Amino acid sequence: MLSIYQKLTKIFENTLKESLEINQKNNLYNKLSLNLITQSSREDLGDYQSNICMILSKIYEKNPHQIAEEFISLIEKNKNIFKICSSLDIAGPGFINIKLSENILLEELIKNTKCPRNGISLVDKENKKIVIDFSSPNIAKEMHVGHLRSTIIGDSLARVFEIRGYEVIRLNHVGDWGTQFGMLITHLKDVYPEALESRANINIGDLVEFYKASKKRFDNEEEFQKKARAEVVRLQKGDPSSISAWRILCSESRKEFNSIYSTLNIQINERGESFYNPYLESVVKELELKNISVEDQGAKCVFLDGMSNKEGDKLPLIIQKKDGGFNYATTDLAALKYRFSEPPNGDGAGRIIYVTDQGQSNHFAGVFQVAKKAKWIPENCSVEHVPFGLVQGIDGKKLKTREGETIKLKDLLKESVKRAKKDLINRISEEQRTENDNFIANTSNVIGIGSVKYADLSQNRITNYQFSFDKMLAMNGNTAPYILYSLVRISGIKRKIKNARKEEINEKIYFNEDSEWNLIKKLLRFDEVIMSIEKDLMPNRLCNYLFELCQIFNRFYDQLPILKAEPKTMNSRMVLCTLTEKTLRLSLYLLGIETLERM
RNA sequence: GGGGCUGUAGCUCAGCAGGAUAGAGCAACGGUUUCCUAAACCGUAGGUCGUGGGUUCAAAUCCCUCCAGUCCCGCCA
């Protein structure tokens with residue numbers, strides 16, 4: 001419905017211009033023309049509204065109600081308005097309530113049923129490349145709920161951009177480089193010396209245990225620590241045996257990650273920190289040459305504006321440690337520069353998005369500030385940090401197992417599917433249905449995984465959120481099962497209609513009932529929601545929309561017969577079912593959630 | 001000490017490019033099934049939007065004060 005909104009806005013803009021001219025206040029146009037029309041806050045009164053007359057009241061020194069009357073008569077000089085609106089009413093102190101005409105709503109409805117993107121317009125920009133940096137687990141460490149949030153939010157944002165026609169580069173900025181590899185490689189060489197020569201596919205088992213073991217040695221054995229430090233240097237110099245050990249560790253981890261990505265149905269390209277290694281030195285050099293960095297206590301730092309430490313001194317961003325090593329700030333700067341640079345030595349991105357937890361806000365603010373100083377962010381390009389809050393247990397504390405250990409993502413997903421399966425089996429026996437194993441496995445998998453994703457995405461990402469299987473798997477409320485169930489209801493109707501009368505679904509549709517019109521209007525809001533996500537990067541708005549759409553659909557379903565309605569009415573209602581189905585499917589696709597025919 | 005984020009119904013949260021009566025879900029209470037999956041729908045009850053100020057015709061929303069919680073602040077990421 002954005003196209004209608006734009007037409008409407010145009011008409012109001014012209015009218016405003018005219019009104020300002022009459023009152024000799026032309027100079028205020030730019031300021032006043034922002035947000036001329038908004039969604040109605042009272043849907044019973046109109047579809048859109050304009051509050052401009054209350055603002056003009058002060059300027060014209062006139063009663064807003066009177067201004068509204070004059071404003072409307074100016075609008076009505078443009079006969080196009082009658083094609084769009086059925087009424088323009090003045091209410092309250094001076095609101096203009098805009099009701100759209102049924103014809104234009106029906107036109108839009110038919111347009112959307114034919115549009116594969118459901119009315120979402122394609123982006124019209126020169127640089128369509130967007131880098132999304134998300135997921136980013138660490139080698140030899142287990143993925144946990146923190147990675148889950150990044151992975152799910154990043155994937156959903158990527159899907160939204162893709163459907164808009166952007167070229168999305170999904171980057172997995174894996175922690176595959178750095179000091180921790182010293183101890184890991186040293187430990188590997190000690191425990192599995194044969195791995196390096198035979199190149200046999202060594203199974204080093206639980207990588208987390210492996211990590212813990214090497215960390216323990218690093219903390220306790222002096223000799224080991226020395227060897228580990230030397231190993232880091234060897235690795236960074238490209239020593240073949242170190243590199244080969246490093247490759248083994250990475251590929252073991254990769255197996256783990258990929259199995260989770262496959263469970264979650266996530267597409268992502270691995271481009272770890274190591275990728276930027278060749279660029280680190282030049283980044284540091286350039287910052288030195290541009291006099292942006294200085295040496296302090298042996299380390300090369302950039303002192304940041306607007307941030308200070310406990311002593312009140314400016315906070316540094318360290319780009320080279322006193323031992324000559326580089327750290328994550330250096331890597332992030334190199335990555336940022338590379339991503340904005342033109343190919344072949346860069347991605348040529350127009351927008352870079354980092355999906356990481358809120359704890360890194362300061363770090364990114366620092367990195368962005370330095371990049372700006374170094375002029376690495378080209379004109380008309382933008383870089384954003386998309387932070388998210390912690391995942392907490394029901395007790396409000398960081399999610400942990402009973403033993404106080406971090407919960408493995410793998411286990412968490414398994415648990416969700418297991419619970420979904422238990423619920424399903426209960427229901428099947430209660431309803432005295434018979435279903436085969438295949439159905440049970442697939443259904444519980446879609447519900448289990450979908451519920452975890454939906455619970456996460458439906459939350460405003462900024463806030464911490466309480467992880468609860470009971471809530472996310474509930475049939476009621478803003479949950480995946482509720483949404484999936486609405487879709488199942490439509491599938492049920494479609495199955496029945498095949499067996500029932502075969503009516504032509506033509507375009508001669510008509511609607512008389514409120515619950516039909518409410519559904520139509522909600523359906524047509526879809527593109528507005530998508531555009532708002534593109535701008536503000538808040539996938540929870542799509543969930544919110546989905547939930548409201550399902551509520552409105554379920555009311556419609558409850559109140560009006562479809563299959564038992566007379567043929568013409570049935571056809572019209574089926575059009576609504578079909579578009580609802582399409583909207584639900586597309587929305588769930590954009591959230592990365594699979595759908596079901598029955599459940 | 002500096003900075004980020006959060007504080008809305010008993011609980012979990014929406015709403016925060018200012019707008020008309022602050023919304024859901026859960027929990028509580030009451031109702032609806034000859035009908036397309038009742039995993040639904042309808043209704044009742046529940047709120048000085050942390051505090052105090054300011055801007056405005058209009059503030060949960062913007063600005064400032066304070067209070068509470070949480071995260072980050074030199075060579076980990």
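Side chains included, hydrogens not; waters and symmetry mates left out as well; all remaining heavy atoms used. In this text, all values refer to a predicted model and were calculated from it rather than measured experimentally. Per chain, numbering begins at 1; letters A, B, ... match sequence-line order.
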Do R525(A)'s NZ or CZ and the ring of Y48(A) fall within the cation-pi criteria of under 6.0 Å and 45°? yes
Return yes if a side-chain donor-acceptor contact under 3.5 Å exists between Y485(A) and R489(A), otherwise no. yes
Can you pull every protein N or O that's under 3.5 Å from an N or O on nucleotides 3-7 of chain B?
residue	atom	partner	partner atom	Å
rC5(B)	O4'	Q358(A)	OE1	3.0
rC5(B)	O2'	Q358(A)	OE1	3.4
rC5(B)	O2'	Q358(A)	NE2	3.3

Considering every strand and a 4.0 Å limit on heavy-atom distances, what is the contact class for P316(A): base, sugar-phosphate, or nothing? base
Close N or O pairs between protein and nucleotides 41-45 of chain B (under 3.5 Å):
residue	atom	partner	partner atom	Å
rC41(B)	OP1	Y482(A)	OH	2.8
rC41(B)	O2'	D558(A)	OD2	2.7
rC42(B)	OP1	R555(A)	NE	2.3

Applying a 4.0 Å non-hydrogen cut-off, can you work out what K471(A) is touching in the nucleic acid: base, sugar-phosphate, or nothing? sugar-phosphate
On a whole-Å scale, what distance lies between the C1' atoms belonging to rG15(B) and rA59(B)? 14 Å
Less than 4.0 angstrom between a side-chain N/O of K496(A) and OP1 or OP2 of rU37(B), yes or no? yes
Separation of K535(A) atom NZ from rC16(B) atom P, in whole Å? 10 Å
Looking only at side chains, do S429(A) and N426(A) share a donor and an acceptor under 3.5 Å apart? no
Counting any heavy atom closer than 4.0 Å, what does N35(A) reach on the DNA or RNA strands: base, sugar-phosphate only, or nothing? base
Could you tell me whether F134(A) and Y354(A) have their ring centroids closer than 6.0 angstrom? no
Here the pair of heavy atoms bringing R339(A) nearest to I352(A) is CB-CD1, 3.5 Å
If we take the P atom in both rA14(B) and rA28(B), what is their distance in whole Å? 24 Å
Base, sugar-phosphate, or nothing for D296(A), non-hydrogen atoms under 4.0 angstrom? base
Which comes earlier along RNA chain B counting from the 5' end, the contact point of L424(A) or that of Y465(A), where each point is its nearest nucleotide? Y465(A)
N-glycosidic conformation, rA28(B) - syn within 90 degrees of 0, else anti: anti
Taking the C1' atom of each, how far is rU8(B) from rA22(B), in whole Å? 8 Å
Answer with base, sugar-phosphate or nothing: what part of the nucleic acid does L560(A) contact at a heavy-atom distance below 4.0 Å? base
Just call it for G175(A): base, sugar-phosphate, or nothing, with non-hydrogen atoms closer than 4.0 Å on any strand. nothing
What's D332(A) touching, base or sugar-phosphate or nothing? Going by heavy atoms closer than 4.0 Å. nothing
Sugar-phosphate, base or nothing in reach of L34(A), heavy atoms under 4.0 Å: nothing
Between Y276(A) and D332(A), do the side chains contain an N or O donor and an N or O acceptor separated by less than 3.5 Å? no
Donor on one side chain, acceptor on other, T330(A) and N327(A), under 3.5 Å: yes
Any base atoms under 4.0 Å from Q297(A), or only sugar-phosphate, or nothing? Heavy atoms, all strands. base
Contact class for A91(A) (heavy atom, under 4.0 Å): base, sugar-phosphate, or nothing? base
Indicate whether any N or O donor in one side chain lies under 3.5 Å from an N or O acceptor in the other, for E528(A) and Q39(A). yes
So does K141(A) get a side-chain nitrogen or oxygen closer than 4.0 Å to the phosphate oxygens (OP1/OP2) of rA77(B)? no
Using whole Å, what does the distance between atom P of nucleotide rG69(B) and atom CD of Q392(A) come to? 15 Å
Mind calculating the distance between CG (L390(A)) and C1' (rG69(B)) to the nearest angstrom? 12 Å
Would you say a side-chain N or O of Y485(A) is under 4.0 Å from OP1 or OP2 of rA38(B)? yes
Mind checking whether F469(A) and F467(A) have parallel, tilted or perpendicular rings, split at 30° and 60°? perpendicular
Counting the atoms with a prime plus P, OP1 and OP2 as sugar-phosphate, which does N97(A) contact under 4.0 Å by heavy atoms, base, sugar-phosphate, or nothing? base
Given the structure, check if the side chain of R598(A) and the base of rU37(B) hold any donor-acceptor pair shorter than 3.5 Å. no
Under 4.0 Å between any heavy atoms, over every strand shown, what does I55(A) touch: base, sugar-phosphate, or nothing? Just pick one. base
In whole angstroms, the gap separating P of rC57(B) from NE2 of H65(A) amounts to 20 Å
Would you be so kind as to tabulate the donor-acceptor pairs closer than 3.5 Å made by side chains of residues 442-452 of chain A, with sequence neighbours excluded?
residue	atom	partner	partner atom	Å
T443(A)	OG1	F439(A)	O	2.7
S444(A)	OG	I440(A)	O	2.5
S444(A)	OG	A441(A)	O	3.3
S451(A)	OG	I447(A)	O	2.6

What interatomic distance, in whole Å, is found between P of rC13(B) and the corresponding atom of rG74(B)? 31 Å
Tell me what N464(A) touches on the nucleic acid: a base, only sugar-phosphate, or nothing, going by heavy atoms under 4.0 Å. sugar-phosphate
Please check the phosphate of rA20(B) (OP1 and OP2 only) for any side-chain N or O of S41(A) closer than 4.0 Å. yes
Tightest non-hydrogen contact, residues F95(A) and N51(A), listed as CD2-OD1, 3.2 Å
In whole angstrom, give me the gap between the P atoms of rG25(B) and rC62(B). 26 Å
When you compare the side chains of N362(A) and Q360(A), does any donor N or O come within less than 3.5 Å of an acceptor on the partner? no
